[in-house]
Amino acid sequence: MPRFRSQVRLAFELIAFVLCWSSGFIGAKLGAGSASAITILMWRFLPLTVILIVVAVTAARTSWRGLAVRDVARQAMIGVLSQSDYLLTVYYAIQLGVSSGTTALIDGVQPLVAGALAGPLLRQYVSRKQWLGLCLGVSGVAIVTTADAAARTGVAWWAYLVPFLGMFSLVAATFLESRSRTWVAPAVSMTVHFTTSAVIFTALAVSVGAAKPPAELSFWAAITWLVALPTLGGYGLYWLILRRSGITKVNTLMFLIAPVTAVWGALMFGEPFGPQTALGLAVGLAAVVIVYRGDTSSTTLCARSADTTEAAKPAKCGT
């Protein structure tokens, strides 16, 4: 019974993560018509940061005890890579005309990059069956990308390169977090990440004269969407699943983000969704199943060192 409950909880977390993370691309599309990317990102993080700082000072003070300056600095760098750099490229690509589905699809190559680097950098080795699943997932992404890009015209070719920069930033942030030997409470890490992003985006918005939010209701609806779903839901679950299941598995879920985003885009914005997209979704699902069933814990090694605290270790080391 405990094992069944654990599997149900894991399934719920995975489904919630995919839905929440893909909602970020939709939220970017919702706000793109009413304000610039910098304005949206500033107001996405600024109010939430104020709330988190108040919580940190009042209710979560004990979570900060024992942290060195270098630990906070590492979390700040993770925030720059995983939020500031990543989100800026996503929003900029969408404002250049790249569809939400295609932007998510380009991010879909993360698992292969992460899988290739996990062994030499983290000693989290990928089994042959998992490599099969990773390659299959990339095939699914390619299927949907081809269909989506072919259906759109008037977008500069270099606009499709912008999301790749964000993809590499998120991969770098993931490895930086995985190599950390100090366990940092989620409330602390998210506060540092959000504060860093709020400072960066506010400074950028003020410098270009884009800090004033528009009065349109659609803008604030998009901000509410972005704070509730991708920021608190998707981002929080990403780091939770990373710590519990390992870098290969959490990044494999990215194969599902693109097709799911394509479905959202078709339903909400009328973006193209044809047989190729449906095929890509099916291939992505198959890839996730293969990777999660292809775990070979006996051939993997812990990414954490022996002196790491028990609370900091993933629930199943080396997966």
Side-chain angles (χ1 to χ4, degrees), residues 19-58 75-76 78-104 107 155-156 159 162-163 165-166 169-170 173 187 189-238 257 261 264-265 267-271:
L19 291 176
C20 288
W21 193 277
S22 61
S23 71
F25 299 96
I26 302 303
K29 186 81 171 183
L30 287 172
S34 58
S36 67
I38 295 298
T39 305
I40 297 171
L41 289 168
M42 170 187 170
W43 289 100
R44 172 178 176 173
F45 287 102
L46 192 58
L48 183 59
T49 297
V50 174
I51 296 174
L52 289 175
I53 290 177
V54 172
V55 173
V57 173
T58 57
Q75 291 301 318
I78 292 172
V80 170
L81 292 170
S82 65
Q83 289 191 345
S84 303
D85 290 353
Y86 174 73
L87 291 175
L88 190 59
T89 58
V90 168
Y91 281 59
Y92 185 46
I94 289 176
Q95 291 203 342
L96 287 173
V98 182
S99 72
S100 57
T102 298
T103 305
D107 280 346
V155 180
V162 174
L165 299 176
S169 291
L170 185 58
S189 60
M190 293 184 72
T191 298
V192 176
H193 297 177
F194 293 166
T195 301
T196 303
S197 298
V199 170
I200 292 175
F201 290 132
T202 300
L204 288 174
V206 171
S207 66
V208 299
K212 184 178 180 179
E216 288 87 348
L217 182 61
S218 60
F219 172 81
W220 294 109
I223 294 298
T224 303
W225 174 293
L226 289 168
V227 170
L229 295 177
T231 305
L232 294 177
Y235 193 71
L237 285 170
Y238 180 86
I257 300 299
T261 303
W264 281 52
L267 294 175
M268 297 185 65
F269 307 117
E271 294 179 349

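- Considering only residues two or more places apart in sequence or on other chains, Trp43 meets the side-chain hydrogen bond (donor to acceptor under 3.5 Å, both in side chains) condition with none of them.
- The distance from the OG1 atom of Thr195 to the CD1 atom of Ile53 is 4.0 Å, given to the nearest 0.5 Å.
- The CD1 atom of Ile26 sits 8.0 Å away from atom CD1 of Ile94, with the distance rounded to the nearest 0.5 Å.
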Practice problem: Kindly indicate, with the supporting measurements, whether the criterion side-chain contact (heavy atoms from CB on, under 4.5 Å) is fulfilled by Ile38 and Tyr91. | Solution: CA-CA 9 Å; Ile38 295 298; Tyr91 281 59; over 6 Å; no
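- Phe45 meets the ring pair (Phe, Tyr, Trp, His ring centres under 6.0 Å) test with Phe194, Phe201; sequence neighbours excluded.
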Side-chain donor-acceptor pairs of residues 219-235 under 3.5 Å, sequence neighbours excluded:
unit_1 : atom_1 : unit_2 : atom_2 : d
Trp220 : NE1    : Pro214 : O      : 3.4
Thr224 : OG1    : Trp220 : O      : 2.9
Trp225 : NE1    : Ser23  : O      : 2.8
Thr231 : OG1    : Arg44  : NE     : 2.7
Thr231 : OG1    : Arg44  : NH2    : 2.9
Thr231 : OG1    : Leu226 : O      : 2.7
Tyr235 : OH     : Ser82  : OG     : 2.6
Tyr235 : OH     : His193 : ND1    : 2.8
Tyr235 : OH     : Trp239 : NE1    : 3.4

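- Of all heavy-atom pairs spanning Val206 and Ala211, the tightest one is CG2-CB, 4.0 Å.
- With values rounded to the nearest 0.5 angstrom, Ile78 atom CD1 is found 11.0 Å from Gln83 atom CD.
- Shortest non-hydrogen contact noted between Gly166 and Thr89 is CA-OG1, 3.1 Å.
- By the side chain to side chain contact (heavy atoms under 4.5 Å, CB included) test, Leu267 pairs with Val263, sequence neighbours left out.
- The heavy-atom pair separating Gln75 from Ser189 by the smallest distance is OE1-CB, 3.2 Å.
- Contacts of Thr202 classified as side-chain hydrogen bond (donor to acceptor under 3.5 Å, both in side chains), with partners at least two apart in sequence or in another chain: none.
- A pairwise comparison of heavy atoms in Pro213 and Thr39 identifies CA-CG2, 4.2 Å as the closest pair.
- The distance from the OG1 atom of Thr191 to the CG atom of Leu48 is 8.5 Å, given to the nearest 0.5 Å.
- In this view, Ile200 and Val80, Ser84, Thr196, Leu204 satisfy the side chain to side chain contact (heavy atoms under 4.5 Å, CB included) rule, not counting sequence neighbours.
- With values rounded to the nearest 0.5 angstrom, Ile257 atom CD1 is found 7.0 Å from Phe25 atom CZ.
- For the atom pair CG (Asp85) and CG (Leu170), the distance works out to 10.5 Å, reported to the nearest 0.5 Å.
- Taking Ala93 as the reference, Val98, Thr103, Val162, Pro163 meet the side chain to side chain contact (heavy atoms under 4.5 Å, CB included) condition, with sequence neighbours excluded.
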